2 protein chains.
Amino acid sequence: MASNRASARPPAPAGPDRRARRRQETIDEILGIAVDVMSEDGVTGLSLSEVARRLGIQPPSLYKYFPSLMAVYDELFRRGQIEHLATMRAAMVGVEPGLPALAAALDAAGRWALANRPVAQLMFWRPVPSFEPSAESFAPSVELVALHREALADAVAAGQLGAAADSDEAVWLISTMISGVLTQAFANEPGTQWGQGRFTPLFPRLLATLPVLYPPHR
Amino acid sequence: MASNRASARPPAPAGPDRRARRRQETIDEILGIAVDVMSEDGVTGLSLSEVARRLGIQPPSLYKYFPSLMAVYDELFRRGQIEHLATMRAAMVGVEPGLPALAAALDAAGRWALANRPVAQLMFWRPVPSFEPSAESFAPSVELVALHREALADAVAAGQLGAAADSDEAVWLISTMISGVLTQAFANEPGTQWGQGRFTPLFPRLLATLPVLYPPHR
DNA sequence: GTCTATAGCCTGATAGAC
DNA sequence: GTCTATCAGGCTATAGAC
């Protein structure tokens, strides 16, 4: 290992790294507070002034981190998409491909949505008409569809579902099921956990109708 | 028929009636504009100032008709509930009781929701955290549940569904199905008609799984 | 029932000093 | 990267004249 002078201590200035890390922490803090505000005042109730107030800084300072309110929404949307997708993927690891993996992924998605209500609403309910996610932030949703399609194809290959289930239509159907459950839970039972309340326990039963909607050959 | 002087012309002042009718027209006009504003700016984007602007009056004048913004929300909610319920009832008239009547009612409910998007969102999605409907405005929703229960009981009696379908749980399941379809349509395909787009055609197929979820004895 | 005037908030965003 | 000061609005709601 070649080493120059003072190889024992970290690379010379070390300032930029620290500064960048501190900046990232502040950004994370802003987004965390933004989620809190949305939880209390609704997704459309987010205001930069309120975030600044809770962070103990003046509103103009926020503009060093985000160029606008919509940029905050967009970053929340972007991170939400990534996290949501990663959560589903992680839930499928080691689970039998096909319907079991699909069920595990959707179960995880439901838990994630309940645990991240305002972000999920921002992502899938679109309550802010003036907010349009950027192409980059929207990108993971394409992968989400692909994930569903793969699981459905596996289920067809395994003889769990009929060939018609390997389709975009089946993806729409599944997303309709989960959004129905979540909509009802959000509107009528805010604060419930997945598996609790009147609505979330209905999801597995809805999902169990898939082999009826797409009957395998035998 | 006893008649006093001048019995040929309508009852003496006749002013109060006209005035009351004119007042009702103004109220209806205000509510109509409120719906327009919500359609464009979201349910939470409703503002009395904007309504006044479109009506061509000054904002303070609105307070002669509604004591507050929340009172406008509440009246929209109240009328929405009544109209929604009446629409479903009307759709059931002359239809075979049981599943066919239920399907007709839900079909009408879906059409109504798409044609009255912002009001439906106000009623069933609860996007305004600071708005709580008054007990009176909320009342029709009790009748709505009763309507569902009756249709389900008829379906059980007719042997179309198993006994377990005569339950609140089945009502929750049905409402979950329709809210899923509407949520997806509102978020992803604003402006589509019932029966069009990717999501609303899925509803009949979801509903058709009811006999699988609640299988009749034979 | 309409208006003007106004109180008393709130907001997003920018300029420019330090 | 923080601040103060400020712009340029927005809003709900009330008081009080006509």
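Given the structure is predicted, the values throughout are model-derived calculations rather than measurements. These numbers come from the heavy atoms of this one structure, side chains and all, not from hydrogens, waters or symmetry mates. We name chains A, B, ... by the order of the sequence lines, and we start the count at 1 in each one.
For residues 32-41 of chain B, the set of pairs meeting the side-chain hydrogen bond (donor to acceptor under 3.5 Å, both in side chains) definition, not counting sequence neighbours, comprises E40(B)-R54(B). Listed by first and then second residue, the salt bridge (Lys or Arg N to Asp or Glu O under 4.0 Å) pairs involving residues 166-187 of chain A are R149(A)-D166(A), R149(A)-D168(A), E169(A)-R205(B) (not counting sequence neighbours). Residues in residues 24-75 of chain B take part in these ring pair (Phe, Tyr, Trp, His ring centres under 6.0 Å) pairs, two or more places apart or across chains: Y73(B)-F131(B). Among residues at least two apart or in separate chains, side-chain hydrogen bond (donor to acceptor under 3.5 Å, both in side chains) pairs with a member in residues 113-127 of chain B are W125(B)-T183(B).
Of all the residues in residues 22-45 of chain B, not one reaches under 4.0 Å from DNA chain D with any non-hydrogen atom. Residues from residues 71-80 of chain B lying near DNA chain C, meaning a heavy-atom separation below 4.0 Å, are absent. Residues of residues 129-136 of chain B having a heavy atom closer than 4.0 Å to DNA chain C: none are found.
In the model, S49(B) has no side-chain atom that pairs as donor or acceptor with a side-chain atom of R53(B) under 3.5 Å. No side-chain N or O of Q184(A) forms a donor-acceptor pair with one of W172(B) less than 3.5 Å apart.
Q58(B) has its CD atom 7 Å from the C1' atom of dC3(C), to the nearest Å. Rounded to an integer number of Å, the gap from I57(B) CD1 to dC3(C) P is 6 Å. The separation between L62(B) atom CG and dT2(C) atom P is 9 Å, rounded to whole Å.
Here the side chain of S141(A) pairs no donor or acceptor atom with the backbone of L144(A) at under 3.5 angstrom. With hydrogens and angles disregarded, no donor-acceptor distance shorter than 3.5 Å links the side chain of S137(A) to the backbone of P133(A).
Partners of P100(A) according to the side-chain contact (heavy atoms from CB on, under 4.5 Å) rule, which considers only residues two or more places apart in sequence or in another chain, are V95(A), E96(A), Q160(A). The side-chain contact (heavy atoms from CB on, under 4.5 Å) search around A170(B) returns L152(B), S167(B), Y214(B), not counting sequence neighbours. With sequence neighbours left out, S179(B) forms a side-chain hydrogen bond (donor to acceptor under 3.5 Å, both in side chains) with no residue at all.
For H84(A) and F77(A), the distance between ring centers is not under 6.0 angstrom.
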Using residues 191-198 of chain A as the side-chain source, report each donor-acceptor pair under 3.5 Å to any protein atom, sequence neighbours left out, with the distance given to one decimal.
unit_1	atom_1	unit_2	atom_2	d
T192(A)	OG1	E189(A)	O	2.7
W194(A)	NE1	D107(A)	OD1	2.8
R198(A)	NE	E189(A)	OE2	2.8

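For dC3(C), the OP1/OP2 oxygens have a side-chain nitrogen or oxygen of S61(B) closer than 4.0 Å.
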B/S/- contact track for nucleotides 10-16 of chain C, protein heavy atom under 4.0 Å = -SSBB--
